[in-house]
Amino acid sequence: MRIIGDLGPHCLTSEGLAEGPCKYSRPTIGEGGYGSFNFLYGPSAGGLLESVAFDILTYGESIEDVRALSYKTRHIKVGGLPLRDVLFKVERINVPFAASHTIAFLTAVENALGVSPPEEVVESRIAQLELERIRNNLLVIQRLAEAASFLVPTYRLLYYVEEVNRAISRSCGHRYFLGANYLGESRCQELHLPRIDVEELRDLLSNRIFIDRLQGNGVVKEDWAIGPAARAAGFSYDARLEVPELKYRDHGFKIVTESKGDAFSRMLVRLEEIEVSLKILEGVEVKPRRFELPSREGRGIGRVESPSGDLAYMVQVEQGSIKELHLLPPSRINILLFLRSMPENIFTDFPFNWESFGIWISEAEVSIS
Amino acid sequence: MNWFLRGIRRGILTEKEFPQVQWPSELHRSKEGEVKCPTDALKEDRWDPNRCIFCRACEPILSPTGRSVQAQVKRSEPSFRRSFYLYPIDVGTCGGCNLEFRLIASPQYDMTRFGIFLTNTPRHADALVVMGVMTPKMEEVLRRAYDAMPEPKLVILLGVCAVSGGILGMPPDIRGDVVIPGCPPTPESILRALVEAKSGE
């Protein structure tokens, strides 16, 4: 059994809900000695894709401790709203992970109503999750190359990100899967695969200057890690093999792991997972399909492996509306891992370590009521 | 292979025409019937792109045309014709606008061919690109960024959240010289609006 994270008042584990909150060591605020000072980076600054601030305790070069400060917390009301309206909001919690959020939410609703989607819907969902993973892994590696001012690969990777977006748009109508999934319906038409030269991406590993920025940077080996951060530290954690609803085992899926637990290992895992995802996509057939959702009441959990790790929803449905909704976004756990991994590194390590976790502030700081 | 040579050998990837996107694109009425729009983007038979989140709740009564959603350029600044520096500020996004805005730098779109660049500080910015719904702690950050910019300056509202609040909140309290609808707007929409804003063409 492994700890996944806090889901409302409960602790979600690989074997179901346990009494919450989860028992993992939370970051403590360090105290500086003589000569230390606090440096504030953010909330709106060059180099950051989203608004977030960091309070960094330092003596000048080494980082003693880091705190993340919330700035862009969005308060989203869902209680009492019809399922359709909640779905539109769930899609927009973190649009780069819109397929993961929507599929986890819809799975939770289907489990609450006691219905299993047909095979075609399951296949379409696998295709969406893997396309989303490819795009996000490319983006994370692009951000790492950009942090190193490694410009040709930076723009080659941006080219591939755009190619994936176009493939998604041709397959499902929207570049970020918005509207591609609906209550009792999957709308993606036909799968279009992006053309990605994985061998070209592997050439990043032949640049010693780039690798030096990543190796030994941000080592984290906590057993409560999730997603690529866990797999980079040698843990074979992946919701794709733990969740029965999405039948990944039928597609010959294998987990990619590394052992060092640093930013370089996290990049290697993401790089290899692009190839794994492309192989899964070769065996998937996508077509639109509708199915009936019964008018029942109940409580259900939905979990998927998002590009940055486990993402889960727990819902309570009553009379076609949401009575209760809890979200566990992967970025919330990844921020804790980032904060834990940052002390004892230096300032120039910061952007590489931050980008290597693939964190989205939009989902980490969202407040759902 | 050396990355510099690789870049050259791939040739020019920048495009003059971009592939059609269905969602978001301009919508038109293709059937009669009632629509229950979650953001009131359809009133008295008039579709308002500034409110539309392209959720597809109106399908098939309204259907996409594939034409890029048109931005509204209320004021352009010809002095930015040769170089136009942008400072993006995220006041409460879902990440979608951030990513689409980033992609105007991808080789397919290549914003630099139009003299459009990003800057890391509002002190050097010609335009402030505002994205997302207004969140309380970002109000002061937005005001300070705007005040720090030199004159003349433009404000660009990017995405339906910044334009009207979309489905998730309230828009920022700032007048937009350029309004780019979409959820999120495509890189093509963004680039067309920026080119018009900098030169009036």
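Proteins come first, then strands; the chains are lettered A, B, ... in the order of their sequence lines, and each starts at number 1.
Neither the backbone nor the side chain of E91(A) has a heavy atom closer than 4.5 Å to any heavy atom of chain B. Only the side chain of R84(A) comes within contact range of chain B, with heavy atoms under 4.5 Å apart. Using a 4.5 Å cut-off between heavy atoms, P43(A) contacts chain B through its side chain alone, with no backbone atom that close. In this structure, chain B has a heavy atom under 4.5 Å from the backbone of I93(A), while its side chain stays farther away. Residue contact with chain B, scored on non-hydrogen atoms closer than 4.5 Å, involves the side chain of Y176(A) exclusively. Looking at R74(A), the atoms closer than 4.5 Å to chain B (heavy atoms on both sides) sit in the backbone and in the side chain alike. Contact annotation for F150(A): only side-chain heavy atoms (C-beta onward) come within less than 4.5 Å of a heavy atom of chain B.
Of residues 128-135 of chain B, those residues lying under 4.5 Å from chain A by any heavy-atom pair are V133(B), T135(B). Of all residues in residues 137-148 of chain A, those placing a non-hydrogen atom less than 4.5 angstrom from a non-hydrogen atom of chain B are L139(A), Q142(A), R143(A), E146(A). Applying a 4.5 Å heavy-atom cutoff, the residues of residues 359-369 of chain A that approach chain B are W360(A), S362(A).
Listed for the Q22(B) side chain is no donor-acceptor partner under 3.5 Å among the backbone atoms of S169(A). Judged by distance alone, the side chain of H174(A) and the main-chain N or O of C183(B) form a donor-acceptor pair under 3.5 Å. In this structure, the side chain of K72(A) does not engage the main chain of M138(B) through any donor-acceptor pair within 3.5 Å. The backbone N or O of S51(A) sits less than 3.5 Å from a side-chain atom of D90(B), completing a donor-acceptor pair. Proximity of a side-chain donor or acceptor of R92(A) to a complementary backbone N or O of I53(B) within less than 3.5 Å is detected.
Taking 4.0 Å as the cut-off between side-chain N and carboxylate O, D197(A) and R10(B) count as a salt-bridged pair.
Judged as a side chain to side chain donor-acceptor pair (under 3.5 Å), the pairs with a partner in residues 111-126 of chain B (not counting sequence neighbours) are, in order, D110(B)-T112(B).
Taking H75(A), K89(A), R170(A), R175(A) one by one and counting their heavy-atom pairs under 4.5 Å with chain B, the maximum is reached by R175(A).
Judged purely by distance below 3.5 Å, without hydrogens or angles, the side chains of Y87(B) and S44(A) pair a donor atom with an acceptor atom. Using modelled atom types and a 3.5 Å distance limit, the side chains of K137(B) and T73(A) yield no donor-acceptor pair.
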